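Keep in mind the model is a prediction, meaning the values are calculated, not measured.
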Amino acid sequence: MPALDRHSDVFVLNLGDGENRFHPDWIAAVNTALDEVEKADGARALVTAATGRIYSNGLDLTWLSANPERHREYVDSVHELLARMLALPVVTVAAVQGHAFAAGAMFALAHDFRVMRADRGYWCLPEIDIRIPFTAGMAALIQARLAPQTAHEAMLTGRRYGGTDAAAAGIVDRAVAEDAVRPSAVETAVAHTGRAGETLGAIKERMYAAVLTVLRGQG
């Protein structure tokens, strides 16, 4: 399960060491960690990271297929998590050390900055190949955070972007060696700890107002 640590002014949220899929318990644990980050005083920033081959493989389709009557509730909870990360009043950095697929790729996009491993691992939106269309909120998030041509290619073709290609396409900000992913993410976070607070939150809310409206079900 996700676990939160603090190193000086930088919180590091470890998403886990498995597939880090969006099981309801996993979502609840991430939200609890974000509560702690939001309630903290003073300078701070957040890095999300994982261990193993996978950053996050997205929706827990096994759980969802076993609980079809909770489909709407579950999708709403995913939307709420994406919206919360997008508008969090601290600077956020995703340390993508492995695969980020589907909603896991979207979760990384909802961060302010992304650092990805250059030599292994893929960022990918495979919905076209698994025959699951994007929700309106997910499509809005992707299109708001990527250049139009990149969003078009990623959404329509399910291309798997390695770290170097992801950096070239603007999906991530930096592609680095495996042992530099988390340190580079922390370094980026440290540079922005003093920006945490209400002003940052208001800027994000207004910058992404249209996306947040759809994700929060207000449209």
Side-chain angles (χ1 to χ4, degrees), residues 1-16 20 22 26-51 55-56 77-97 100 103-117 123 137-138 140-146 166-167 170-176 180-216 218:
M1 293 297 290
L4 185 69
D5 293 313
R6 184 169 187 173
H7 306 277
S8 186
D9 292 334
V10 176
F11 287 91
V12 177
L13 175 57
N14 191 323
L15 302 176
N20 306 325
F22 288 32
W26 186 93
I27 293 173
V30 172
N31 276 316
T32 297
L34 297 183
D35 287 342
E36 185 174 339
V37 174
E38 283 202 66
K39 291 175 182 176
D41 294 323
R44 62 202 187 279
L46 173 66
V47 170
T48 66
T51 54
Y55 175 79
S56 173
S77 73
V78 172
H79 283 172
E80 289 164 7
L81 180 60
L82 295 174
R84 187 173 190 187
M85 183 59 70
L86 186 64
L88 203 70
V90 305
V91 167
T92 56
V93 187
V96 184
Q97 91 299 339
M106 298 175 214
F107 184 70
L109 277 187
H111 290 62
D112 298 310
F113 302 100
R114 285 157 299 286
V115 179
M116 186 174 176
R117 181 174 171 178
W123 183 97
M138 291 173 178
L141 170 65
I142 296 163
Q143 290 173 286
R145 296 295 284 130
L146 296 179
I171 297 168
V172 302
D173 300 279
R174 299 173 65 185
V176 299
V181 173
R182 191 175 300 198
S184 294
V186 170
E187 178 184 32
T188 300
V190 166
H192 298 285
T193 55
R195 295 186 166 92
E198 292 181 3
T199 299
L200 178 63
I203 289 172
K204 290 184 179 184
E205 287 280 348
R206 294 167 187 172
M207 181 183 296
Y208 295 111
V211 180
L212 294 169
T213 295
V214 180
L215 283 172
R216 291 166 175 164
Q218 298 167 343

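Residues Glu38 and Leu88 meet the side-chain proximity criterion, which asks for heavy atoms closer than 4.5 Å. Residues Val214 and His79 form no side-chain contact, since every pair of their non-hydrogen atoms from C-beta on lies 4.5 Å or further apart. Here the side chains of Val10 and Val190 are in contact, with some heavy-atom distance below 4.5 Å. Residues Val78 and Met106 form no side-chain contact, since every pair of their non-hydrogen atoms from C-beta on lies 4.5 Å or further apart. Residues Asn14 and Asp5 fail the side-chain proximity criterion, which asks for heavy atoms closer than 4.5 Å. With a 4.5 Å cut-off on side-chain heavy atoms, Pro89 and Glu198 do not count as touching. Between Phe11 and Val90 there is no side-chain heavy-atom pair separated by less than 4.5 Å.
Minimum interatomic distance between Gly170 and Leu146 (heavy atoms only, all atoms of both residues): O-CD2, 4.3 Å. Closest approach of Lys204 to Thr92, counting heavy atoms only: NZ-OG1, 4.4 Å. The shortest heavy-atom contact between Ala166 and Met116 is CB-SD, 3.9 Å. Across every non-hydrogen atom of Val211 and Ala140, the tightest pair is CG2-O, 3.7 Å. The two residues Ser56 and Phe22 make their nearest non-hydrogen contact at OG-CE1, 3.3 Å. Here the shortest heavy-atom pairing between Val47 and Ala95 reads CG1-CB, 4.2 Å.
To the nearest 0.5 Å, the span separating CZ on Arg84 from CG on Asp35 amounts to 4.5 Å. From Leu86, atom CG reaches atom CG of Leu109 across 10.0 Å, with rounding to the nearest 0.5 Å. Summarising the geometry, atom CZ belonging to Arg216 is positioned 11.5 Å from atom CG belonging to Leu82; distances are rounded to the nearest 0.5 Å. Considering CG of Leu13 and CG of Leu46, their distance stands at 6.0 Å, rounded to 0.5 Å. To the nearest 0.5 angstrom, Asp112 atom CG is 11.0 Å from Arg195 atom CZ. Considering CG of Leu212 and CZ of Arg206, their distance stands at 12.5 Å, rounded to 0.5 Å.
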Using side-chain contact (heavy atoms from CB on, under 4.5 Å), reason through Arg182 and Thr51 one step at a time and then give a plain yes or no.
CA-CA 10 Å; Arg182 191 175 300 198; Thr51 54; 4.0 Å; yes
| field | Derivation and outcome, side-chain contact (heavy atoms from CB on, under 4.5 Å), residues Glu36 and Leu4 | value | CA-CA 9 Å; Glu36 185 174 339; Leu4 185 69; 3.7 Å; yes
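Trp123 contributes no side-chain N or O that, together with a main-chain N or O of Ala100, makes up a donor-acceptor pair within less than 3.5 Å. The backbone N or O of Ser184 sits less than 3.5 Å from a side-chain atom of Thr188, completing a donor-acceptor pair. The closest donor-acceptor contact from the side chain of Arg44 to the backbone of Gly197 lies at 3.5 Å or more, if one exists at all. Side-chain atoms of Arg145 come within 3.5 Å of backbone N or O of His111 as a donor-acceptor pair. Judged purely by atom type and a 3.5 angstrom limit, Asn20 uses its side chain to pair as donor or acceptor with the backbone of Tyr55.
Sorted by first and then second residue, the ring pair (Phe, Tyr, Trp, His ring centres under 6.0 Å) pairs with a member in residues 188-210 read Phe113-His192; sequence neighbours excluded.
Checking each of Ile27, Thr32, Leu34 against Val30 for a side-chain contact (heavy atoms from CB on, under 4.5 Å) leaves exactly one that passes, namely Leu34.
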